[in-house]
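Only one structure is covered here, and it is reproduced in the block below.
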2 protein chains.
Amino acid sequence: MTQNEIVHTLSQTYSPLSAECRKELMDKMTILSLPKHTCLVLEGQYSDKTFYLIDGCARAYYLKDGKDISDWFAFENEFISSIISFFTDTPSPHYIELLEDSTLVALSKDTIDGLSNQYHDFERLIRVVVTQTMLRQRERISSILFHTASQRYAHILTRYPNITRRIPLTHIASYLGITLETLSRIRNPKS
Amino acid sequence: MTQNEIVHTLSQTYSPLSAECRKELMDKMTILSLPKHTCLVLEGQYSDKTFYLIDGCARAYYLKDGKDISDWFAFENEFISSIISFFTDTPSPHYIELLEDSTLVALSKDTIDGLSNQYHDFERLIRVVVTQTMLRQRERISSILFHTASQRYAHILTRYPNITRRIPLTHIASYLGITLETLSRIRNPKS
DNA sequence: CCTGTCATTTGATCCAGATCAAATTCAGCT
DNA sequence: AGCTGAATTTGATCTGGATCAAATGACAGG
């Protein structure tokens, strides 16, 4: 995928960008191809970058009392960042790692702020991305409060039908807020 | 509070607005003073309004299998809306009601979209509001996943120290994702 | 100051999912 | 193929908070 194609997809997926803005964005963005298991962000770091996945997938996770708890997955054409660090300029509570060999764009906060100041278009695109993220968080809250473990698992499967082929069950379980063992029992409801 | 003061506060709290934009916003906004228990939004309605509280407080809630579950509280200088309906143009799963006699500003989606198109400033203000909302949702997720019922109660008290004087315990309990009885036991840890 | 309604507390029991522990299956490597 | 550590399954037990039920408290209106 060329830079040009990336920017077009972005502009079409989220919110249209003027030719001028697209051009400047192309100049400012870095495209990276990195192997599986690469860590993009470590806990405790100040992370002022947002990543946009072209190909592959990634997750954000915490180490909470030594336990690895996934907080967010991103696939092709989705964004991922240590949102807390990115938006509040505090050290990241998250790690972010690639779950497959991936190609992605890294955008620094300076770049995003600069383009947002300069181009109303770009500010809108960011607003759209943040709004979608917010709605996804909301859905997760009601999922946790109102649905049982197995309903939540069923639900994530409808959203990402082949997630189990790309992401280990441990990570799916912790994302759903349940243990590995419970997820396993949900998947094999015999005995 | 005059219209002028309201717009100034808004501009200072969230993101600065140009004089021109402030003026147009003043023309477009409706100020309402309504008694306690007024319903601003009903379940099933298409709600294309966002409310900004000048004085008083409100909550958004679901009726889930006949049970009343609070999903959001807003106090002075905060926004509340049926976010799902507002952002996705679908019928609202929420009710919104006033918990005290309140003064508030109602802004329609048309107004917000119009001002966002016309003024980069205003688009930014909305982006800031949405970002804060998103971060507050995130905090709620980690609160539910990582903290016990009594930690969550302690936490909401630090954020809104006198919430118990303004909001009935039932609503606080359901917001925290616990029952009324559990909250009561948390508050009276004797016997 | 009494009464009905709503809010809160207290008590007894129950259950989804956690925890701890062990067995099995799988995948990458030589 | 065979080896090794990681991923997943299976089993037994435990627990925070839910649920059901009843008692008490607070307070607005007559």
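Small disclaimer: the values here were computed from a predicted structure and weren't measured. Lettering of chains follows the sequences in order, A, B, ..., and the numbering in each one begins at 1.
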List the atom pairs, donor and acceptor, that lie under 3.5 Å between side-chain atoms in residues 33-41 of chain A and the rest of the protein, sequence neighbours left out.
| residue | atom | partner | partner atom | Å |
| --- | --- | --- | --- | --- |
| A:Ser33 | OG | A:Thr103 | OG1 | 3.3 |
| A:Thr38 | OG1 | A:Pro35 | O | 2.5 |

Only pairs under 3.5 Å count here: list side-chain donor-acceptor contacts from residues 83-90 of chain B, not counting sequence neighbours, and write none if there are none.
| residue | atom | partner | partner atom | Å |
| --- | --- | --- | --- | --- |
| B:Ser85 | OG | B:Ser47 | N | 2.9 |
| B:Ser85 | OG | B:Ser47 | O | 3.4 |
| B:Ser85 | OG | B:Thr90 | O | 2.6 |
| B:Thr88 | OG1 | B:Ile84 | O | 2.5 |
| B:Thr88 | OG1 | B:Thr90 | OG1 | 2.8 |

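Look at CD on B:Glu181: it is 17 Å from P on D:dT24, rounded to the nearest Å. Here D:dA26 presents its P atom at 17 Å from CZ of B:Arg165, a figure rounded to the nearest Å. Atom CG in B:Leu145 sits about 14 Å away from atom P in C:dG17, given to the nearest Å. What separates CG of A:Leu176 from C1' of C:dA16 is a distance of 15 Å, to the nearest Å. Spacing between atom OH of B:Tyr153 and atom C1' of C:dT8 amounts to 12 Å, rounded to whole angstrom units. Atom CD1 in A:Ile186 sits about 15 Å away from atom C1' in D:dT10, given to the nearest Å. Atom CD of A:Gln151 is separated from atom P of C:dA16 by 12 Å (rounded to the nearest Å). The distance between atom CD1 of A:Ile167 and atom P of D:dA6, rounded to the nearest whole Å, is 20 Å.
Comparing the helix axis at one end of the helix from C:dC1-D:dG30 to C:dT30-D:dA1 with that at the other, each defined from 5 consecutive pairs, gives an inter-axis angle of 40° (nearest 10°).
Test A:Arg136, A:Gln137, A:Gln132 against B:Met134 for side-chain contact (heavy atoms from CB on, under 4.5 Å) and you get one pass: A:Gln137. The side chain to side chain donor-acceptor pair (under 3.5 Å) test with A:Gln118 is passed by exactly one of A:Glu123, A:Glu20, A:Glu24: A:Glu24. For the ring pair (Phe, Tyr, Trp, His ring centres under 6.0 Å) test with B:Tyr61, the passing option among B:Tyr175, B:Trp72, B:Phe73, B:Tyr95 is B:Tyr95; the others fail.
In terms of phosphate contacts, B:Asn188 brings no side-chain nitrogen or oxygen within less than 4.0 Å of OP1 or OP2 of C:dT8.
Note: B:Phe79 and B:Phe51 fail the aromatic proximity criterion, with ring centroids not under 6.0 Å apart.
Remark: A:Thr179 pairs with A:Glu181, A:Thr182 by the side chain to side chain contact (heavy atoms under 4.5 Å, CB included) rule, at least two apart or across chains.
Sorted by first then second residue, the ring-ring contact (aromatic ring centres under 6.0 Å, His included) pairs that include residues 100-147 of chain B, not counting sequence neighbours, are A:Tyr62-B:Phe146, A:His120-B:His120.
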Distances under 3.5 Å only, N/O to N/O: pair up the protein atoms with those of nucleotides 14-18 of chain D.
| residue | atom | partner | partner atom | Å |
| --- | --- | --- | --- | --- |
| D:dG17 | OP1 | B:Ala149 | N | 3.0 |
| D:dA18 | OP1 | B:Gly177 | O | 3.4 |
| D:dA18 | OP1 | B:Thr179 | N | 3.3 |
| D:dA18 | OP2 | B:Thr179 | N | 3.2 |
| D:dA18 | OP2 | B:Thr179 | OG1 | 3.0 |
| D:dA18 | OP2 | B:Thr182 | OG1 | 2.4 |

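Looking at B:Ser102, its side chain never comes within 3.5 Å of a backbone N or O of B:Leu98 through a donor-acceptor pair.
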